[in-house]
Amino acid sequence: MYTLGIETSCDETSCAVLKDYKVLSNITVSSLKEHKKYGGVIPEIATRAHLKNIDSVVGAAASEAGVSLRRIDLVAVTHKPGLIGALVVGLNFAKSIAFALNKPFIGVNHLYAHFFAPFLDGKVRLEFPFLGVVISGGHTEIYLVNDFDRIRLLGQTRDDACGEVYDKISRALGLGYPGGPVIDRLYNFKCKDEFAFKCGRIGFDLSFSGIKTAVIYKKIELDKKGALDKETKVKLVSSFQYTVVNTVVKTIIDAAKKYKVRRIVCGGGVVANKLLRKILQKAQHQENLECFLSPLSYCGDNAAMVAGLGFYLYNKRGVKSTMNLGEAAN
Ligand code: KG4
Ligand code: ZN
């Protein structure tokens with residue numbers, strides 16, 4: 001079966017074609033450059049970029065897969081959460097294709113799609129239950145997943161998302177946007193204890209705004225003393241990253257233990273982080289857990305994960321109406 005997936009929840013216009021779970025194409029065009037000077041995504045700009053790009057992105061995905069739109073059996077699209085104007089572009093484009101071709105149409109929750117990513121291409125066997133973890137620019141959430149339509153939220157950030165804090169700290173230090181990859185690159189293990197930062201945690205909830213403020217205040221203090229050179233910035237971001245990553249991993253492991261699940265499945269932009277991947281992989285052996293991390297190519301927003309989850313849900317429950325999100329709206 002061929003599934004066409006469409007993703008437009010933030011600044012990536014993405015379209016993928018899957019044959020069952022095999023990714024035949026996954027084309028993503030980002031408006032990232034247009035947001036750079038603002039240090040964050042501007043919804044209006046993202047929406048207009050989706051409008052401009054979606055037609056050619058969908059065409060490119062079909063042509064790279066060698067599958068004409070007529071041969072598509074199912075259309076899957078992110079319907080939430082995300083920037084509303086941005087979502088509307090993808091949702092209506094997907095509906096139009098489904099309507100014109102008279103094909104079933106299914107709405108997919110973007111967050112659940114993030115932790116579907118490790119199952120693409122049949123690399124990992126889908127077995128329940130597992131802990132589904134999303135760590136991205138907009139979300140930091142831990143779920144107990146008994147199936148993709150039986151998901152329970154166990155913990156989430158109470159304020160900023162993890163990636164958002166990477167971006168804000170990077171901006172404050174003049175290191176560029178998006179901050180995650182920059183800080184990941186600058187991280188130096190030897191500098192991890194240079195500054196004593198704390199990352200907030202309440203049960204399985206997390207709080208990142210305190211550490212963000214602490215890093216920014218420290219930066220201001222150092223700047224006033226004329227001591228904010230490149231080396232000091234590396235020390236700041238290394239201490240920040242070490243603290244945040246360890247707190248996030250500890251929270252995930254504690255949740256896995258409390259809910260007695262051995263499998264942990266992680267997706268989202270921040271899951272590309274080298275330190276996070278290393279610590280989670282190490283924890284597998286120490287804690288007798290199995291960690292499935294999204295491949296780097298599917299960590300950021302992409303339509304392949306949306307198509308994959310759409311196909312899974314379609315197989316499980318079908319769709320009643322071509323145009324109605326209906327029960328998919330979970
Ligand atoms: O999943 P994603 O592409 O978009 C959202 O749905 O939010 O995540 C983007 C976020 C940004 O905040 C970015 O700074 C962060 O992921 N990110 C990283 C890394 N690569 C991207 N954070 C830490 N380390 C990275 N290597
Ligand atoms: Zn995302």
Side-chain angles (χ1 to χ4, degrees), residues 5-14 16 26 28-33 35-36 38-43 46 50 77-84 86-87 90 108-118 132-141 143 156-157 159-173 175-188 199 208 211-212 215 237-238 240-249 266-280 293-306 308-309:
I6 292 181
E7 154 65 39
T8 62
S9 66
C10 192
D11 57 337
E12 273 91 16
T13 315
S14 185
N26 184 34
T28 304
V29 170
S30 174
S31 55
L32 186 89
K33 272 195 187 143
H35 307 285
K36 261 190 174 171
Y38 305 102
V41 175
I42 306 295
H50 289 313
V77 62
T78 294
H79 71 92
K80 74 170 185 186
L83 306 172
I84 192 65
L87 285 168
V108 169
N109 183 315
H110 175 89
L111 299 179
Y112 305 165
H114 265 305
F115 53 77
F116 192 85
V133 181
V134 190
I135 318 174
S136 72
H139 296 86
T140 312
E141 299 182 357
Y143 297 93
Q156 62 185 324
T157 178
D159 36 61
D160 293 7
C162 188
E164 183 184 351
V165 169
Y166 268 89
D167 295 337
K168 287 178 174 168
I169 286 178
S170 178
R171 184 173 60 184
L173 292 172
L175 297 172
Y177 172 82
V182 181
I183 293 178
D184 194 3
R185 247 191 332 270
L186 290 177
Y187 175 78
N188 181 346
C199 179
F208 298 101
I211 190 166
K212 173 189 69 183
V215 175
V237 297
S238 300
F240 155 77
Q241 169 159 294
Y242 187 77
T243 309
V244 160
V245 166
N246 276 285
T247 308
V248 169
V249 172
C266 303
V270 183
V271 175
N273 187 271
K274 290 201 282 288
L275 181 67
L276 180 82
R277 296 180 88 86
K278 199 167 140 193
I279 297 186
L280 270 172
L293 308 179
S294 174
L296 291 181
S297 51
Y298 302 136
C299 278
D301 290 346
N302 68 87
M305 65 185 193
V306 175
L309 179 53

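Atoms within each ligand, like the ligands themselves, are counted from 1 in listed order.
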Sub-4.0 Å heavy-atom contact, H114 with ligand 1 = yes
Residue list, side-chain contact (heavy atoms from CB on, under 4.5 Å) with A172, at least two apart or on another chain = I216
message = At less than 4.0 angstrom from any non-hydrogen atom of H110, what atoms of ligand 1 do you find?
response = 6 (O)
ask   = Short list, please: which atoms of ligand 1 are under 4.0 Å from a heavy atom of G300?
value = 3 (O)
message = Please check this pair: side chain of S294 against backbone of Y298, looking for a donor-acceptor N/O pair closer than 3.5 Å.
response = yes
remark   = Taking only non-hydrogen atoms of G163 and a 4.0 Å limit, the atoms of ligand 1 in range are 12 (O)
ask   = For the rings on F115 and Y143, is their centre-to-centre separation under 6.0 Å?
value = yes
query = Looking at atom 11 (C) of ligand 1, what's its closest protein heavy atom, distance included?
reply = D167 OD2, 3.5 Å
note = atom 9 (C) of ligand 1: closest protein heavy atom, distance to 0.1 Å, is G137 N, 3.7 Å
message = Would you say T8 and H50 are linked by a side-chain donor-acceptor pair, where the criterion is simply a distance under 3.5 Å?
response = no
query = Taking N26 for the side chain and A304 for the main chain, is one N or O donor matched with an acceptor at less than 3.5 Å?
reply = yes
Option of least heavy-atom distance to atom 20 (N) of ligand 1 (set: G269, G179, G82) = G269
ask   = Is there at least one pair of N or O atoms, one from P178 and one from ligand 1, spaced under 3.5 Å apart?
value = no
ask   = Heavy atom of P181 under 4.0 Å from ligand 1?
value = yes
message = Students should be able to answer this: which protein heavy-atom is nearest to atom 26 (N) of ligand 1, and at what distance?
response = D184 OD2, 2.8 Å
inquiry  = Looking at N188, is its backbone amide N or carbonyl O close enough to the side chain of S238 to form a donor-acceptor pair, meaning the two atoms are under 3.5 Å apart?
reply    = yes
inquiry  = Using a 3.5 Å cut-off on N or O atoms only, is G138 in polar contact with ligand 1?
reply    = yes
key: Trace of the side chain to side chain contact (heavy atoms under 4.5 Å, CB included) decision for V182 with Y177   = CA-CA 8 Å; V182 181; Y177 172 82; over 6 Å; no
ask   = Can you find a pair of side-chain heavy atoms, one from H114 and one from V271, that are under 4.5 Å apart?
value = no
Short side-chain to backbone donor-acceptor contact, D184 and K274, under 3.5 Å = yes
Ligand 1-proximal atoms of K274, by part, heavy-atom distance under 4.0 Å = neither
inquiry  = For the backbone of G40 and the side chain of R171, can you confirm whether one donor and one acceptor N or O come within less than 3.5 Å of each other?
reply    = no
ask   = Is it the side chain (CB and beyond), the backbone, both or neither of N273 that lies under 4.0 Å from ligand 1, heavy atoms counted?
value = both
key: Side-chain (E164) to main-chain (Y166) donor-acceptor, under 3.5 angstrom   = no
inquiry  = At a cut-off of 2.8 Å, what protein N/O/S atoms sit near the Zn ion (ligand 2)?
reply    = H110 NE2, H114 NE2, D301 OD1
task = Examine the proximity of ligand 1 to H139 and report which part, side chain or backbone, both or neither, has a heavy atom under 4.0 Å away.
result = neither
ask   = Between I135 and C162, which heavy-atom pair has the shortest distance, and what is it?
value = CG2-CB, 3.6 Å
Contact (N/O only, under 3.5 Å) between G268 and ligand 1 = no
key: Donor-acceptor pair between T78 and E7 side chains, under 3.5 angstrom   = yes
request  = Check the side chains of S14 and T28 for a donor-acceptor pair under 3.5 angstrom, ignoring hydrogens and angles.
outcome  = yes
ask   = Which residue holds the protein heavy atom closest to atom 15 (C) of ligand 1, what is that atom called, and what is the gap in Å?
value = V270 CG2, 3.9 Å
query = What is the closest protein heavy atom to atom 18 (C) of ligand 1, and at what distance does it sit?
reply = G180 CA, 3.4 Å
note = Closest to atom 4 (O) of ligand 1 among protein heavy atoms sits D301 OD2, 3.3 Å
task = Could you tell me whether the side chain of D167 and the main chain of G179 form a donor-acceptor pair under 3.5 Å?
result = yes
